[in-house]
Amino acid sequence: MKDRRPIRQRLAEFYTEAEADLWIYRPHPQLDDVPPRLLVDRGQAEEVHALIDRLAAAAYI
């Protein structure tokens, strides 16, 4: 079952609040250098969730 809790809630398992803010608003190399927040705003939150799924599965590179 996919975890689709709010993104900030999911990130709290890995990062402090300040680190999560950086993660959300900075361009991310695994998202073609697009900030995760921008993808969420565009209705593409699933791509952000997929990235967090990889992080949770220790497949983060």
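For the pair Asp33 and His28, the minimum side-chain heavy-atom distance is 4.5 Å or more. Side-chain contact between Ile24 and Tyr15: absent, with no pair of heavy atoms (C-beta onward) separated by less than 4.5 Å. Counting only heavy atoms from C-beta outward, the side chains of Ile7 and Arg10 never approach each other to under 4.5 Å. Annotation: side chain of Pro36 is in contact with side chain of Leu31 (closest heavy-atom distance under 4.5 Å).
The structure places CG of Leu11 at 11.5 Å from CG of Leu22, a figure rounded to the nearest 0.5 Å.
Under the side-chain contact (heavy atoms from CB on, under 4.5 Å) criterion, Ala50 pairs with Arg54, sequence neighbours left out. By the side-chain hydrogen bond (donor to acceptor under 3.5 Å, both in side chains) test, Arg4 is found to be paired with Glu46, Asp53, residues two or more places apart in sequence or in another chain being considered. Not counting sequence neighbours, the partners of Asp41 by the side-chain hydrogen bond (donor to acceptor under 3.5 Å, both in side chains) test are Arg37.
Shown here for Phe14 and Ala56, the closest heavy-atom pair between the two residues is CZ-CA, 3.7 Å.
Within the structure, every pair that satisfies the salt bridge (charged side-chain N to carboxylate O under 4.0 Å, His left out) test and touches residues 13-26, not counting sequence neighbours, is listed here: Arg5-Glu13, Arg8-Asp21.
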